[in-house]
Amino acid sequence: MPSSKKYKILFVTSEVVPFMKTGGLADVSSALTQKLTEMGHQVRIVVPKYGSIDERKYKIHEVVRLKDLKTQIGDKEVSFSLRSSFLVGPKARVQIYFLDNMEYFVSRHSLYEDPITGEEFKDNDERFILLNKSVFELIQKLGWIPDIIHINDWQCSLIPAYLKTVHKNNEMFQSIKTILTIHNLVYQGIFPKSSFAKTGLPEQLNSDKGIIHSSKVNFLKAGIQYADIINTVSATYAKEICSIKEFGYGLDTLLAKRKKDIYGIINGIDEAIWNPEKDKLIAKNYSQKNIADKIENKIALCENFGFAADENIPIIGIISRLTDTKGFDLLQKAFSDIAKLNVRVVLLGTGEKKYQKYFEDYAAKHPNKLSCYLGFDEKLAHLIEAGSDMLLIPSKSEPCGLNQMYSLVYGTVPIVHKTGGLADTVVNYTDKNQDGNGFVFDKYDAKEMVKEIKRAVEIYNNDKATWSKIIKNGMKSTFSWIDSTKQYVDLYKKLAD
Ligand code: ADP
């Protein structure tokens, strides 16, 4: 039963749309906090105030009580302020506090890396220790005690460690529970052992039993170790990170130990942006009722990618970062076999040079088979979702994945590897399972992938009724943030009641 109790939630994150974004974390931070507020929960966000954030546009103002606060980072005394504004959405306004410190955040436009060298900032340890510590100052100065501190990824993962050690006996913090959401296990906040002294955590944590991993300080390890509950962004990925060594990126043993406290909640999609009925970036809007109009998008897609219009040749779309994790090793291996089928492929993506070169060369040699745009283009992404017949997502691992959800609601049939969020959203269509909404290959293997693509093309060519059914099964899907938010509230309930 969903809880009707309302909670006080302090949501700590390193990015939130529309203020700043490098990845899915920013979308989740924005959508989830708004939905929680709409449902009547009291939510406040804490996020760093990077130099790129427009103070005037967002009406960020000083709060006397939260001005010129001080904390220690190792031997350094650091001053900071927390300044106030609102995240304003269509249905909710969420209180947001910006962590203001010139040296660490305001003087830099980029979030984690030096834009000139492309390397992570050398003082990321100090920058995010400050974010973690500022939260305790905020609570004390406001006298606003949250039921839950919801932390995200490594950047805020020291918070549960501070709560359970440094602040253990502080009356004010006694009842606070923590939840850690892992959006990406690859990034762990790894620093030299010498960074430990800067944290101010007690010496007993300066070991493998604490927050040291492979002789380095590991912020995410602190979160995994000390958060009361952990979740990641799909149920299958939650299982995979606890049971498959290579999915745990070195933290598998620790994750396995916490298995019973690890949950999976799939992200929702932003229906204001990804909805074929209203999408302003596609050639023609359509819905389940007038699915025939989808063809106008296929024609526009052919035009954009330089293919002569031919309604009968299926188009396979790919929108992705060109990396091994996204399955590009498999794709490269299988590509000449895919091209032997009566299909056309459109590829939109950026990523590793070797893959860019391979696909660029292939497209130059076989322009009637493959057309690429190797760049980032929001409008093309929408057109590919609307105009393709199939979308191929062969990821080796996929915490949640958004493209398969978009393609389902756009009536573009996904062909995916059975992993993480892909496994949780795409159901293999078979004669026995007529509720299927796509094609799924179990084993991460080029031949298996080609087999599923062949099966899809076969049905597309020879069995229009079945193809329509698969499309309809997909278009029925809703990936609403309301459902996901309710699941988060259930986790809060587990912790706070
Ligand atoms: P990840 O966050 O791991 O890259 P997701 O599937 O969760 O993968 O989200 C990727 C998002 O980025 C999707 O919305 C996808 O449409 C978009 N995207 C990826 N590459 C491009 C590109 N080259 N141009 C436009 N959008 C892109």
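Whatever order the structure lists them in is the order used to number ligands and atoms, beginning at 1.
- At the top of the distance list for atom 14 (O) of ligand 1, counting protein heavy atoms only, stands Tyr406 CE1, 3.3 Å.
- Taking the charged nitrogens against the carboxylate oxygens, Lys35 and Glu38 do have a contact shorter than 4.0 Å, which makes a salt bridge.
- Below 3.5 Å of separation, one finds no N or O of Leu348 facing any N or O of ligand 1.
- Shown here, atom 23 (N) of ligand 1 is in close reach of the protein: a heavy atom of it lies under 4.0 Å off.
- For ligand 1, the polar-atom distance check against Asp377 finds a nitrogen or oxygen pair separated by under 3.5 Å.
- With respect to the salt-bridge test (charged N to carboxylate O, under 4.0 angstrom), the residues Lys494 and Asp490 do not qualify.
- Among protein heavy atoms, atom 10 (C) of ligand 1 sits closest to Asn403 ND2, 4.4 Å.
- The cationic atom of Arg93 (NZ for Lys, CZ for Arg) lies less than 6.0 Å from the six-membered ring centre of Phe86 and within 45° of the ring axis.
- With respect to atom 21 (C) of ligand 1, the closest heavy atom belonging to the protein is Phe376 CE1, 3.4 Å.
- Scanning all protein heavy atoms for the shortest distance to atom 5 (P) of ligand 1 gives Leu402 N, 3.7 Å.
- Ion pair Arg455/Glu458 not flagged as a salt bridge, since none of the NZ, NE, NH1 or NH2 atoms sits closer than 4.0 Å to an Asp/Glu carboxylate oxygen.
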Please lay out, stage by stage, how Phe191 and Phe219 fare under the test ring-ring contact (aromatic ring centres under 6.0 Å, His included). CA-CA 8 Å; Phe191 301 101; Phe219 278 31; 4.9 Å; yes

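- Here the side chains of Gln288 and Lys476 are in contact, with some heavy-atom distance below 4.5 Å.
- Less than 4.0 angstrom separates atom 12 (O) of ligand 1 from none of the non-hydrogen atoms of the protein.
- Of the candidates His183, Gln404, Met405, Lys326, the one placing a heavy atom closest to atom 8 (O) of ligand 1 is Lys326.
- In this structure, Gly349 has a heavy atom closer than 4.0 Å to ligand 1.
- For atom 17 (C) of ligand 1, no protein non-hydrogen atom is found at a distance below 4.0 Å.
- Counting protein heavy atoms only, atom 4 (O) of ligand 1 is closest to Arg321 NE, 2.9 Å.
- Residue contacts with ligand 1: Thr350 is placed with no nitrogen or oxygen under 3.5 Å of a nitrogen or oxygen of the ligand (distance criterion only).
- Figure legend: Arg108 and Phe121 shown as a cation-pi pair, the cationic atom lying under 6.0 angstrom from the six-membered ring centre and within 45 degrees of its axis.
- Side chains of Lys294 and Thr412: a donor on one and an acceptor on the other come within 3.5 Å.
- Phe359 meets the ring pair (Phe, Tyr, Trp, His ring centres under 6.0 Å) test with Phe328, Phe335; sequence neighbours excluded.
- Under the 4.0 angstrom criterion for non-hydrogen atoms, Gly23 is not in contact with ligand 1.
- Distances shorter than 4.0 angstrom do not occur between any heavy atom of Gly421 and any atom of ligand 1.
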Cut-off 3.5 Å, no hydrogens considered: what does the side-chain donor-acceptor table look like for residues 385-400, sequence neighbours left out?
unit_1: Glu385; atom_1: OE1; unit_2: Ser407; atom_2: N; d: 3.3
unit_1: Ser388; atom_1: OG; unit_2: Ile384; atom_2: O; d: 2.8
unit_1: Asp389; atom_1: OD2; unit_2: Lys298; atom_2: NZ; d: 2.8
unit_1: Asp389; atom_1: OD2; unit_2: Ile315; atom_2: N; d: 2.8
unit_1: Ser395; atom_1: OG; unit_2: Glu398; atom_2: OE1; d: 2.8
unit_1: Lys396; atom_1: NZ; unit_2: Asp329; atom_2: OD2; d: 3.2
unit_1: Glu398; atom_1: OE1; unit_2: Lys326; atom_2: NZ; d: 2.9
unit_1: Glu398; atom_1: OE2; unit_2: Lys326; atom_2: NZ; d: 3.1

